[in-house]
Amino acid sequence: MPPLPDALAARLPSPLEEAADARFARRGVRLLLKRDDLIHPELVGNKWRKLAPALREALASGARERGTALLTFGGAYSNHLRATAAAGRLLGLRTIGVVRGEELADRELNPSLARCAADGMRLHFVPRADYRRRTDPAWQEELRERFGPCLLVPEGGSDGAAVRHCAELGRELRGLTDVAAVACGTGGTFAGMAAGLAPGQRGLGIPVLKGGFLTGEVRRLQREAFGQVRGDWWLDDRFHGGGYARTSPELEEFAADFAGRHGLARLDRVYVAKLLYGLTVLVSEGAFDRGSTVTAVITG
Ligand SMILES: *Cc1c(COP(=O)(O)O)cnc(C)c1O
């Protein structure tokens with residue numbers, strides 16, 4: 001595969017920073033922050049890691065010259081749609097975003113979708129019942145007929161190639177931590193990272209969606225990417241805070257305090273705040289051995 005163009009140049013391996021935090025120090029645990037949020041200014045964090053293979057393939061197949069679009073799926077606040085739209089602008093590729101929720105079409109675009117549109121993404125709003133068919137080949141065919149030649153990228157960008165590419169995140173952490181923790185949406189980033197860790201290291205996933213379905217999904221993604229389930233990992237389902245993008249005054253306060261203590265200019269509330277909150281609860285419960293190192297991946 002050819003290298004990615006300069007517009008997608010990434011800061012890799014992403015920086016690893018010590019976070020002196022009394023809640024961890026008290027338990028003899030070292031906390032590190034893996035700053036994937038600094039990989040690329042516009043394709044933030046794990047979105048760069050997940051989209052890079054699809055973008056490389058699109059460019060190699062002549063998508064730009066032929067006007068082939070990248071078509072993908074997401075909710076109204078999807079970071080994945082934002083990253084895909086930004087990539088389209090940077091690379092001169094057409095992008096189409098299939099957005100869950102037909103009613104959104106009649107409203108003013110929220111800031112996230114407005115950014116997508118400003119980056120040239122064509123937004124196509126569909127009823128939730130249709131959106132549920134996003135992996136159905138018959139419906140995908142209808143979308144192709146409507147929009148012309150396109151390369152389909154799955155929701156969240158999590159396909160086999162993306163998961164394999166996320167294994168690099170795990171490899172970057174070899175020898176540097178005992179536990180590597182990531183917030184999970186589709187679980188693709190976590191599935192890859194956990195597979196890339198060395199024997200003896202463990203992956204911890206914190207789902208931000210309610211439902212407890214993610215263990216099966218991470219296994220499925222690892223089978224798709226590697227032909228088998230890989231790595232030593234577990235999920236803790238207690239920290240979704242009521243569901244996707246749900247927040248609370250308590251989480252808000254925690255996030256503002258954590259960002260202030262550790263000099264983070266912004267702290268993503270949908271994913272990263274829930275991860276960090278979960279880790280502080282787990283460390284207070286004695287979940288990590290004294291003398292061990294825990295790394296939180298700041299995915300965006
Ligand atoms: C998309 C996203 C995730 C979740 O990634 P998955 O691979 O879908 O689990 C985590 N953190 C941030 C900041 C994200 O934007």
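Computation of the quantities below employed the complete heavy-atom set of this structure, encompassing side-chain atoms and omitting hydrogens, waters and symmetry-equivalent molecules. The structure displayed is predicted, hence computed values, not measured ones. Numbering of ligands and ligand atoms starts at 1, following listing order.
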S14 versus D36, side-chain donor and acceptor atoms under 3.5 Å: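 S14 and D36 do have a side-chain donor-acceptor pair below 3.5 Å.
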May I ask you to list the atoms of ligand 1 that are less than 4.0 angstrom from any heavy atom of [X]?
X    : value
G300 : 13 (C)
G185 : 4 (C), 6 (P), 8 (O), 9 (O)
A183 : 10 (C)
N79  : 14 (C), 15 (O)
G187 : 6 (P), 8 (O), 9 (O)
C184 : 9 (O)
T189 : 5 (O), 6 (P), 7 (O)

Heavy-atom check, side chain of V297 versus side chain of F190, under 4.5 Å: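 No, too far: nothing below the 4.5 Å cut-off.
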Tell me which protein heavy atom sits closest to [atom], plus the residue, atom name and distance to 0.1 Å.
atom                    : result
atom 14 (C) of ligand 1 : K47 NZ, 2.9 Å
atom 8 (O) of ligand 1  : T186 OG1, 2.6 Å
atom 3 (C) of ligand 1  : N46 ND2, 3.2 Å
atom 11 (N) of ligand 1 : T299 OG1, 2.6 Å

Heavy-atom neighbours of E108 CD exceed 12 at 6.0 Å: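 No, because the 6.0 Å sphere around CD of E108 holds 12 heavy atoms or fewer from other groups.
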Heavy atoms of other groups near R23 CZ, more than 12 under 6.0 Å: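 Correct, the count exceeds 12.
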Against ligand 1, does [X] come closer than 4.0 Å with any heavy atom?
X    : value
G45  : no
G156 : no
H80  : no

R219 with E224: basic N within carboxylate O range, under 4.0 Å: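 No, no charged N to carboxylate O under 4.0 Å.
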Side-chain ion pair, E42 and R82, N-O less than 4.0 Å: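 Here E42 does not pair with R82 in a salt bridge, since their nearest N and O are not under 4.0 Å apart.
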From K50, R82, E155 - option closest to atom 6 (P) of ligand 1 by heavy atom: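 Checking each option, the heavy atom nearest atom 6 (P) of ligand 1 is found in K50.
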Whether F254 and Y277 hold their rings parallel, tilted or perpendicular, with breakpoints at 30° and 60°: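 Ring orientation, 0 to 90° scale: perpendicular.
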Parallel, tilted or perpendicular: ring planes of W48 versus H165, cut at 30 and 60 degrees: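 W48 and H165: tilted rings.
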Six-ring centre of F73, R134 cation under 6.0 angstrom, axis tolerance 45°: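 No, cation not above the ring by the 6.0 Å, 45° rule.
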K47 NZ/CZ over Y271 ring centroid, <6.0 Å and within 45° of normal: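 Yes; both conditions hold, so K47 lies above the ring face of Y271.
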Polar contact flag for F190 and ligand 1 (N/O pairs, less than 3.5 Å):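 No, no N or O pair falls under 3.5 Å.
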